[in-house]
Amino acid sequence: MPEPVFALIDCNSFYASCERVFRPDLARTPIVVLSNNDGCVIARSAEAKAWVKMGAPFHEVRPLLKRHGIVAFSSNYALYGDMSERVMSVLEARLPSVEVYSIDEAFAELTGLPEPLENIARQLRAEVLQKTGIPVGIGIAPTKTLAKLANHAAKRWQQQTGGVVDLRDPERRNKLLRMTPVGDIWGIGSRLSAQLKALDINTAWELTQADVWTLRKRFNVVMEKTVRELRGTPCMSLEQVIEPKQEICCSRSFGQRLRELTPITDAVTAFASRAAEKLRQQGSLCRQVRVSLRTGMFNPSEAKYANGILCQLPYPTDDSRLIIKAALLGLEQVYREGFSYAKAQVLLSDLCRHTDYTPDLFSQAPINQGQQLMSTLDAINQRWGRGTLQPARLAKTADWAMRQKLLSPAYTTRWQSTLVANAK
DNA sequence: TCTGGGGTCCTAGGACCC
DNA sequence: TCTGGGGTCCTAGGACCC
């Protein structure tokens, strides 16, 4: 058996790069992309990174953006999702096994491909750029955790490396491990990093030198796997099968604070409806609906309140109407007068596969009732764009709708092409 | 007099990721 | 005025059973 080789392919400043593909005039202009509601900065082009921190509240950095000529965009997930599919198709066409890990990252196994792998990676990089306009970095290593690290290095020393780093050479690996802070490792967040520092483990290399069993006892198996992977022993494999999600969530901050129950009811109806749609998309049923509601958490002068409630459904279902009904019953119990609410969430849990569920003889589950209606609804919404058909109770213009003042056009979607066609 | 112990299931909460 | 959204895995501890 040949030693396994993993690659991590990661798009550079993905959301910012997507915006730039359709705005070549901004090729050298620093760009940031904002979270929903234009709340905070969630992506920065390379030039913007020097000036703006990740997660910085937009309203705080606004003057700074202006001062440095940084252009801001509201997030446009329809666009990013579409660009992501294009990038992944190129990878899947070229590589034998690909695991799409997130919207902008994929792992791949390069085991057995002809050397030098670095050349394959460089060609791949060029092809993705040429076909999609998106620049990527590629890390190569014997484990996923090390491939992540290699990818970091490829981005950090883009000029010197040409965006590709192969960490299979132990000497090169140790050199990099010694200069990597422990908190930069995949799987070590801020909490664990602080705890490790308290044990005088500051760099990735020091972590590889620590005793695995002690670490396992002090932390958990995840930590153990991380350490073993850093030492070069693969503990994680490529996962190509997409498992159905175990929870489905739809949550948004409102565009403005809401005090009255009515507009919040509208929002929760919309969130429940969207969550039910996702549920049907993956062919699952749910038994539980959790609704939660909260006020703003940052402003000290605002009265704070946060509460959630779990509603059991009488039988597993994917029917929007039942899910909305349960969510609204929950909302009534959670809502208190006198607060300014900032955000609501609908979470579907205790899921099972549609095909696995057979209602027993005496259950109250109606067989197939509403299924026809739901699939028609989904078909229309897929054909004409999300929200074409909605629950009747939803108002046309919503008080809760997001603020997205800086949204780019939907360059790539069918809905947009229809609009353009009509305009002609 | 004496008040077990082991296994399993479930849930909440903590930590992480992008 | 204004601070995202959507997930996963692991563990501890309680409930329950025998």
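As the structure is a prediction and not an experimental result, all values here were calculated from the model. Every chain is numbered from 1, with letters handed out A, B, ... down the list of sequences.
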Nearest to the side chain of [X] - [options]?
{"X": "Asp104(A)", "options": "dT3(C), dC18(B), dG5(C)", "answer": "dC18(B)"}
{"X": "Lys278(A)", "options": "dT3(C), dT8(C), dG6(C)", "answer": "dG6(C)"}
{"X": "Leu192(A)", "options": "dG5(C), dC16(B), dC2(C)", "answer": "dC16(B)"}
{"X": "Val221(A)", "options": "dT11(C), dC18(B), dT8(C)", "answer": "dT11(C)"}
{"X": "Lys148(A)", "options": "dG6(C), dC18(B), dC10(C)", "answer": "dC18(B)"}
{"X": "Cys249(A)", "options": "dG7(C), dC2(C), dT11(C)", "answer": "dG7(C)"}
{"X": "Lys245(A)", "options": "dG4(C), dT3(C), dT8(C)", "answer": "dT8(C)"}
{"X": "Glu302(A)", "options": "dC2(C), dG5(C), dC10(C)", "answer": "dC2(C)"}
{"X": "Ser251(A)", "options": "dC18(B), dG4(C), dG5(C)", "answer": "dG5(C)"}

query: What about Phe73(A) and Tyr15(A), are their ring centers closer than 6.0 Å?
result: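 No - the distance between ring centres of Phe73(A) and Tyr15(A) does not fall below the 6.0 Å cut-off.
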field: Ring center gap for Phe6(A) and Trp186(A) short of 6.0 angstrom
entry: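 For Phe6(A) and Trp186(A), the ring centres are not under 6.0 Å apart.
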query: If we take the C1' atom in both dG4(B) and dC16(C), what is their distance in whole Å?
result: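 That atom pair is separated by 15 Å.
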message: Work out how far the P atom of dC18(C) is from that of dC2(B), and round it to whole angstrom.
response: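 Roughly 28 Å separates the two P atoms.
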Atom [atom1] of [X] to atom [atom2] of [N]: distance rounded to whole Å?
{"X": "Met236(A)", "N": "dC16(B)", "atom1": "CE", "atom2": "P", "result": "15 Å"}
{"X": "Leu347(A)", "N": "dG6(C)", "atom1": "CG", "atom2": "C1'", "result": "10 Å"}
{"X": "Ile185(A)", "N": "dA15(B)", "atom1": "CD1", "atom2": "P", "result": "18 Å"}
{"X": "Asn299(A)", "N": "dT1(C)", "atom1": "CG", "atom2": "P", "result": "8 Å"}
{"X": "Lys144(A)", "N": "dC18(B)", "atom1": "NZ", "atom2": "P", "result": "12 Å"}
{"X": "Arg290(A)", "N": "dT11(B)", "atom1": "CZ", "atom2": "C1'", "result": "11 Å"}
{"X": "Asn220(A)", "N": "dA15(B)", "atom1": "CG", "atom2": "C1'", "result": "8 Å"}
{"X": "Leu310(A)", "N": "dC10(B)", "atom1": "CG", "atom2": "P", "result": "14 Å"}

query: With sugar-phosphate meaning primed atoms plus P, OP1 and OP2, does Gln256(A) contact a base, only sugar-phosphate, or nothing at under 4.0 Å between heavy atoms?
result: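 Gln256(A): no heavy atom of the nucleic acid under 4.0 Å.
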message: Any base atoms under 4.0 Å from Ser75(A), or only sugar-phosphate, or nothing? Heavy atoms, all strands.
response: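 Nothing, no nucleic acid heavy atom in range.
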Taking atom types as modelled, find out whether [X] and [Y] have a side-chain donor-acceptor pair closer than 3.5 angstrom.
{"X": "Tyr80(A)", "Y": "Glu19(A)", "answer": "yes"}
{"X": "Ser45(A)", "Y": "Glu47(A)", "answer": "yes"}
{"X": "Gln288(A)", "Y": "Ser349(A)", "answer": "yes"}

Residue that, paired with Arg231(A), satisfies side-chain contact (heavy atoms from CB on, under 4.5 Å) out of Leu177(A), Thr143(A), Val212(A):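 With Arg231(A) as partner, side-chain contact (heavy atoms from CB on, under 4.5 Å) holds for just one option, Val212(A).
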query: Parallel, tilted or perpendicular: which fits the ring planes of Phe339(A) and Tyr305(A), with parallel below 30° and perpendicular above 60°?
result: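 The rings of Phe339(A) and Tyr305(A) lie parallel, inter-plane angle below 30°.
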Is the phosphate of [N] approached by [X] (side-chain N or O, under 4.0 Å from OP1 or OP2)?
{"X": "Arg257(A)", "N": "dC2(C)", "value": "yes"}
{"X": "Arg274(A)", "N": "dG6(C)", "value": "no"}
{"X": "Gln246(A)", "N": "dC9(C)", "value": "yes"}
{"X": "Ser253(A)", "N": "dG5(C)", "value": "yes"}

- prompt: Considering heavy-atom distances to DNA chain C, does Arg252(A) or Glu247(A) have its closest nucleotide positioned more toward the 5' end?
  reply: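 Residue closer to the 5' terminus by nearest nucleotide: Arg252(A).
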- prompt: Between Gln345(A) and Phe219(A), which has a closest nucleotide on DNA chain C that is more 5'?
  reply: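 Its nearest nucleotide lies further toward 5', so the answer is Gln345(A).
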query: So which of residues 30-65 of chain A are in contact with DNA chain C, with a heavy-atom cut-off of under 4.0 Å?
result: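 Nucleic-acid contacts, sorted: Ser35(A), Asn36(A), Gly39(A), Pro57(A), His59(A), Glu60(A).
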query: Under a 3.5 Å cut-off for both distances, is dC18(C) Watson-Crick or wobble paired, and to whom?
result: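 Result: dG5(B).
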query: Judged by atom type as modelled, is there a donor-acceptor pair below 3.5 Å linking the side chain of Asn151(A) to the main-chain atoms of Gly137(A)?
result: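 Here the side-chain-to-backbone pair exists.
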message: Taking Lys225(A) first and then Glu229(A), would you say they form a salt bridge - that is, a charged N and a carboxylate O separated by under 4.0 Å?
response: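 Salt bridge: no.
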